[in-house]
Amino acid sequence: MPSWARRPQASAAFLNPALIAAIAATAARDYEREASGRLMPWPMVFVLAPLVLHRPTHGGHCPPLRAPT
């Protein structure tokens, strides 16, 4: 894997730890809301970032993401 300085800027932006944390926090909040107060399972944190950030992974089968209102 290339060093941060040698990665394309877009790739580095998608792997930004703050962005991944924001995705995880939003998903956990929405999961709890939709699941009647149950907490999101911890392993799901490791699955959602690739699904959200990497279009070929989900192949267009997931519904489009919408900003919280």
Side-chain angles (χ1 to χ4, degrees):
M1 183 171 278
S3 69
W4 282 105
R6 300 186 81 201
R7 288 183 192 192
Q9 190 173 11
S11 296
F14 282 133
L15 295 174
N16 181 332
L19 176 62
I20 303 300
I23 291 169
T26 301
R29 182 196 65 211
D30 292 348
Y31 185 97
E32 186 175 359
R33 185 182 319 140
E34 294 292 324
S36 303
R38 288 187 321 223
L39 299 178
M40 184 173 76
W42 177 245
M44 195 174 290
V45 172
F46 300 101
V47 174
L48 49 94
L51 290 175
V52 171
L53 297 176
H54 191 245
R55 184 171 305 277
T57 299
H58 61 72
H61 298 294
C62 296
L65 298 174
R66 292 177 293 232
T69 56

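- Residues passing the side-chain contact (heavy atoms from CB on, under 4.5 Å) test with Val45 are Ala24, Met40, Trp42, sequence neighbours excluded.
- Among residues at least two apart or in separate chains, there is no ring pair (Phe, Tyr, Trp, His ring centres under 6.0 Å) pair with a member in residues 16-40.
- Note that CZ of Arg38 and CZ of Arg33 are 15.0 Å apart. Values are rounded to the nearest 0.5 Å.
- The hydrophobic cluster containing Leu39 does not contain Ile23, counting ILVMFWY residues as joined when their side-chain heavy atoms lie under 4.5 angstrom apart, directly or transitively.
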